[in-house]
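As the structure lists them, so they are numbered: ligands from 1, and atoms in each ligand from 1. Computed from a predicted structure; not experimentally measured.
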Amino acid sequence: MRTPLIAGNWKMNTDSSSAAELAAAIVCRAGEVTDAELLVCPPTIYLTQVRDSIGDAAVSLGAQNMYHESGGAYTGETSVSMLNDIGAKYVILGHSERRHIMGESDEDVNKKTHAALQAGLRPIVCVGELLEQREAGQTTEVIRGQMEGSLADVTAEQISSVVIAYEPVWAIGTGKVATPEQAEEVHADLRKQLTERYNAEIADTVRILYGGSVKPDNAETLLGQPNIDGALIGGASLKADDFLAIAAAGAAVVQA
Ligand code: PGA
């Protein structure tokens, strides 16, 4: 069984004191969650502070983005070696806000994915369709295209270090969650794609997270789906109680 990954994407929220407080509140109860991996992804500027709040607690640290070049004249960007240096283990790549607001392409996400993998950082590669694409019956095609582009030339050895996150754009920050059936249908197709590209054994090792309005009251049914291996949580990750309740739901599924 794949250990669920419960990831909090704090986006452009918190300040130096509330970031440290939120991390401390999660850390102090992290020991209660034994069957799920906890991950927090604060804004880049607070990564070191949150790392210090985490100390040696069982909470992983991740970034929300990075640039694919290793260093040099790239004003405003963060390299993978900088993320490694401060102790990040994961990096979210191709989040829909980066794709749709900052204009990131599958090619950009692919370059970042390779840079992260080469440096030993685990990429969380996000895919997801817009509402109009879903309504036009294009969900599978859109997501297959994003997967092909974002994961081009990722080898069988590398793919087990990659986490995929399915985040329907219409469900992000809207309170409109995909039904467990809608989510599982896409997750099952993602697993099928991984099987086609690699093989069933390898596909079975890859964690596929669901993201989009995950809350404590819908977490258990979502995380109970056979191909949903965790959650990427925005709004609810800013409240330690909600984040930990979602993690507890993930752990309960493992124990069931
Ligand atoms: P949300 O965000 O939980 O606020 O919908 C999810 C995400 O963007 O990762």
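Each salt bridge (charged side-chain N to carboxylate O under 4.0 Å, His left out) pair with one or both residues in residues 66-88, not counting sequence neighbours, would appear here, but there are none.
Nearest heavy atoms, Asp35 versus Thr3: O-CG2, 3.8 Å. The two residues Ala25 and Leu244 come nearest to each other via the heavy atoms O-CD1, 4.1 Å.
The distance from atom OG of Ser150 to atom CZ of Arg99, rounded to the nearest 0.5 Å, is 4.0 Å.
Tested against Tyr198, the residues Val154, Asp204, Thr155 include a single side chain to side chain contact (heavy atoms under 4.5 Å, CB included) partner, Val154.
Checking His95 against Glu167 by side-chain atom types alone, a donor-acceptor pair falls below 3.5 Å.
Protein residues having at least one heavy atom under 4.0 Å from any atom of ligand 1 are Asn9, Lys11, His95, Glu167, Ala171, Ile172, Gly173, Gly212, Ser213, Leu232, Ile233, Gly234, Gly235, listed by chain and number.
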